[in-house]
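Heads up: the structure comes next, in structure tokens.
In what follows, residues are counted from 1 in the order of the sequence shown. Computed over heavy atoms, backbone and side chain alike; hydrogens, waters and symmetry mates excluded.
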Amino acid sequence: MQLSETLQRVEGLLNATAWLEGRITEDDPYNALKRWARLKPDPPGDAVSVLRNLGLLGRSARDYFLAVMGYRARSSGSA
């Protein structure tokens with residue numbers, strides 16, 4: 001699956017292609033956070049996974065909370 005080059009430019013996305021495999025890796029930062037929340041972490045592995053992906057987690061949290069509050073991003077062509 002690949003987004004159009006125009007959409008990627010407008011939305012500020014990386015020019016990349018995604019392969020949807022349907023498999024979540026053991027070092028997934030979201031699962032690491034879930035394990036910490038359940039007080040059953042794998043301390044070295046989960047800590048490293050979360051620290052390596054702080055930017056991704058931060059952007060995801062920002063996008064989630066902005067969506068919950070009803071914020072809609074304006075694309076570059078709108079007034």
Side-chain angles (χ1 to χ4, degrees):
M1 178 171 79
Q2 185 174 10
L3 300 174
S4 73
E5 186 178 334
T6 304
L7 178 64
Q8 291 175 13
R9 192 177 308 112
V10 168
E11 297 293 329
L13 303 172
L14 291 175
N15 185 3
T17 301
W19 283 268
L20 304 176
E21 191 174 320
R23 184 177 66 105
I24 299 173
T25 61
E26 288 298 317
D27 64 344
D28 181 84
Y30 298 103
N31 286 341
L33 285 176
K34 286 181 199 174
R35 287 189 291 271
W36 279 98
R38 293 179 183 137
L39 302 175
K40 296 180 180 182
D42 171 25
D46 285 349
V48 168
S49 177
V50 170
L51 290 174
R52 282 187 179 167
N53 292 288
L54 282 176
L56 172 69
L57 294 168
R59 286 188 305 275
S60 297
R62 179 198 66 202
D63 293 347
Y64 173 79
F65 287 112
L66 289 176
V68 166
M69 293 187 304
Y71 172 80
R72 289 188 178 216
R74 284 190 289 155
S75 30
S76 13
S78 62

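- To the nearest 0.5 Å, atoms CG (L56) and OG (S49) are separated by 9.5 Å.
- Among pairs with a residue in residues 50-67, those fulfilling side chain to side chain donor-acceptor pair (under 3.5 Å) read Y30-S60, at least two apart in sequence or across chains.
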Show me, pair by pair, the donor-acceptor contacts under 3.5 angstrom made by side chains of residues 37-44, not counting sequence neighbours?
none

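- The minimum heavy-atom distance between N31 and T25, with the atom names listed, is ND2-O, 4.4 Å.
- Counting all heavy atoms, side chain and backbone alike, R35 lies closest to E26 at NH2-O, 3.4 Å.
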